[in-house]
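Structure first, commentary second.
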Amino acid sequence: MRVTIAVPTFHRPAELATLLPMLLAHADSAARLRGPAFTADVLVVDNDPQGSGRDAAVAIGDKRIRSVVEPHPGISAVRNRALDEAAGSRLLAFIDDDEHPHDGWLEHLLATWVAADEPAAVAGRVVASFAGPLDPWLEAGAFYVRRSMPTGSSIDVAAAGNLLLDLDQVRAAGVRFADDLGLSGGEDTLFSRQLHAAGRRMVWCDESAITDLVPLDRMTRRWVLKRAWSHGNSASVLRIRLSGGGLKAVTARITSVVGGAVRIVAGALRWAFGMITRSLRHQARGARAVWRGGGMVSGAAGVVYQEYARKDVTA
């Protein structure tokens, strides 16, 4: 049974050169799993039209690594290209170019897929590793802590940074990554929710973990608050899109406006309480709630925040 490990990349050749040998080691380990016979390869999908990641892939000199260029900008186009390029594989495992897999990463995903009676998707944990000392305000807010739950737990949404997909079921469900969300984010949330809505099972694997390498420019209060705005914006945009249109869409917009307004007010009160009590946690979480609420209101108004907009692309 063939497994393709897909690595979306954009202007990170050094990170790619470090990651690819790790993935080949995981491909070797997958071949030694008991039960179904797995054969794994690695697919690099470069979103740089100039193919800046190609040399890193070629330098490894392993035939199991294949590199393609997807010139259309945005992560959705890259992920959809991976779905298409993996046409000969039953399974597709996504990992980002700024992540490092822990020991047993792929093996645990595959073992959970087998043990859970072949669900459509298996999602794993993401833990953060920082490029330098973390601001106490950010640490108190616990902004980089991701979810964790018992292996085998059913889920209805998943991020694509650590995700195994059963391509037979994905194709049968007719689900793709939304191209218009390629520069805003939220494409993986919509994809997984649509997969779940199509009646396909998704489960969690807590043993499968990757490290997200957080650079210095993402370790600032400004970045965290902008991220909160982006997530709030995406939440509203996706709620409206998943509503099905008509009166349900109107209700979804109203719900988003009300929910955003509540977060703004509650967040401001929590921030003020944190200032009075000198609690960094209340200050940080309150500020984040205000920004997320603002993003929700903007999304309800029809604004799609382009978090990953590029200088050479007109949003």
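All values below were derived from every heavy atom in this structure, side-chain atoms included, with hydrogens, water molecules and symmetry-related copies excluded.
For D41 and R2, the salt-bridge test passes: some basic side-chain N is under 4.0 Å from an acidic carboxylate O. R201 has no carboxylate O lying under 4.0 Å from a charged side-chain N of D166, or vice versa, which leaves the two without a salt bridge. With respect to D212 and R218, no salt bridge is recorded, no charged nitrogen being found less than 4.0 Å from a carboxylate O.
A heavy-atom distance below 4.5 Å is found between the side chains of D179 and H72. Looking at H100 and E15, their side chains never come closer than 4.5 Å, going by heavy atoms from C-beta outward. When side chains are defined from C-beta on, V42 does not count as touching R64, because their heavy atoms never get closer than 4.5 Å. Within the 4.5 Å cutoff, the side chain of F191 has heavy atoms near those of the L165 side chain. With a 4.5 Å cut-off on side-chain heavy atoms, V214 and W223 do not count as touching. The closest side-chain heavy-atom distance from S236 to V257 is not below 4.5 Å. Using a 4.5 Å heavy-atom cutoff, the side chains of H196 and V157 are not in contact. Considering only heavy atoms from C-beta on, R200 stays 4.5 Å or farther from V175 through its side chain.
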Worksheet entry | Worked verdict on L238 versus L181 for side chain to side chain contact (heavy atoms under 4.5 Å, CB included) | CA-CA 10 Å; L238 298 187; L181 299 180; 3.7 Å; yes
Worksheet item: Between L106 and F38, is a side chain to side chain contact (heavy atoms under 4.5 Å, CB included) present by the stated rule, with each step listed?
Response: CA-CA 11 Å; L106 182 60; F38 292 105; over 6 Å; no
Discussion item. Checking R54 against D46 for the salt bridge (Lys or Arg N to Asp or Glu O under 4.0 Å) test, could you report, in this order, the C-alpha distance in whole Å, the side-chain angles of both residues, the deciding distance, and whether it holds?
Written reply: CA-CA 8 Å; R54 184 184 299 109; D46 194 346; over 6 Å; no
Discussion item. Pair I95, V7 - check side chain to side chain contact (heavy atoms under 4.5 Å, CB included), show working.
Written reply: CA-CA 6 Å; I95 184 170; V7 187; 4.1 Å; yes
Discussion item. Run the side chain to side chain contact (heavy atoms under 4.5 Å, CB included) test on Q194 and L242 for me, step by step, so that the C-alpha distance in whole Å, both residues' side-chain angles and the decisive distance to 0.1 Å come before the verdict.
Written reply: CA-CA 8 Å; Q194 289 177 328; L242 290 168; 4.1 Å; yes
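Evaluation of the side-chain contact (heavy atoms from CB on, under 4.5 Å) rule for V122 yields L109, T112, W113, P119, L164, V203, C205 as partners, not counting sequence neighbours. Looking at residues two or more places apart in sequence or on another chain, you find no ring pair (Phe, Tyr, Trp, His ring centres under 6.0 Å) involving H231.
One distance of note links CZ of R285 with CG of L280; it measures 13.5 Å at 0.5 Å rounding. In this structure, CZ in R193 is found 9.5 Å from CG in L190, a value given to the nearest 0.5 Å. Atom OG of S89 sits about 7.0 Å away from atom CG of L167, to the nearest 0.5 Å. Taken from CZ in R227 to OH in Y144, the straight-line distance is 10.0 Å, to the nearest 0.5 Å. To the nearest 0.5 Å, the span separating OG1 on T189 from CG on D156 amounts to 10.5 Å. D28 contributes atom CG, which lies 11.0 Å from atom CG of L23 (distance to the nearest 0.5 angstrom).
With D206 contributing its side chain and T151 its backbone, the two residues share no donor-acceptor pair below 3.5 Å. Proximity of a side-chain donor or acceptor of N162 to a complementary backbone N or O of R125 within less than 3.5 Å is detected. No side-chain donor-acceptor contact under 3.5 Å links S208 to the backbone of H108. Between the side chain of S29 and the main chain of A25, a donor-acceptor pair closer than 3.5 Å is present.
Both L225 and L216 sit in one connected hydrophobic cluster of ILVMFWY residues. Membership requires side-chain heavy atoms under 4.5 Å apart, directly or through other members. Cluster membership check: L83 does not share its hydrophobic cluster with V44, using side-chain heavy-atom separations under 4.5 Å among Ile, Leu, Val, Met, Phe, Trp and Tyr. Clustering ILVMFWY residues whenever any of their side-chain heavy atoms sit less than 4.5 angstrom apart, transitively, puts I75 in a cluster other than the one holding V304. Under a hydrophobic-cluster definition in which Ile, Leu, Val, Met, Phe, Trp and Tyr are linked whenever side-chain heavy atoms come within less than 4.5 Å, directly or via other members, V170 and I155 are assigned to the same cluster. Taking hydrophobic clusters as Ile, Leu, Val, Met, Phe, Trp and Tyr residues chained together by side-chain heavy-atom distances below 4.5 Å, I264 does not share a cluster with W271.
Residues D97 and T9 share a closest heavy-atom pair of OD2-OG1, 2.8 Å. Taking every heavy atom of both residues into account, A57 and L20 meet most closely at CA-CD1, 3.7 Å. Minimum heavy-atom separation, G267 to A289: CA-CB, 3.8 Å. Between A86 and L92, the closest heavy-atom pair is CB-CD1, 4.1 Å. The two residues A158 and L163 make their nearest non-hydrogen contact at CB-CD1, 4.0 Å. Residues S256 and A300 approach most closely at CB-CB, 3.8 Å, considering heavy atoms.
Aromatic ring pairs are classed by plane angle as parallel below 30°, tilted from 30° to 60° and perpendicular above 60°; the pair F94 and F177 is perpendicular. Ring pair W137/F143 is tilted by interplanar angle, where 30° to 60° counts as tilted.
Within 6.0 Å of atom CH2 in W204, more than 12 heavy atoms from other residues, nucleotides or ligands are found, so the atom counts as buried in its surroundings. Within a 6.0 Å sphere centred on CD of E107, heavy atoms belonging to other residues, nucleotides or ligands number more than 12. Crowding of D180 atom CG: a count of heavy atoms from other residues, nucleotides or ligands under 6.0 Å exceeding 12.
Identified under the salt bridge (charged side-chain N to carboxylate O under 4.0 Å, His left out) test for residues 71-88, with sequence neighbours left out: R66-E85, E70-R81, R79-D96, R79-E187, R81-E85, D84-R176.
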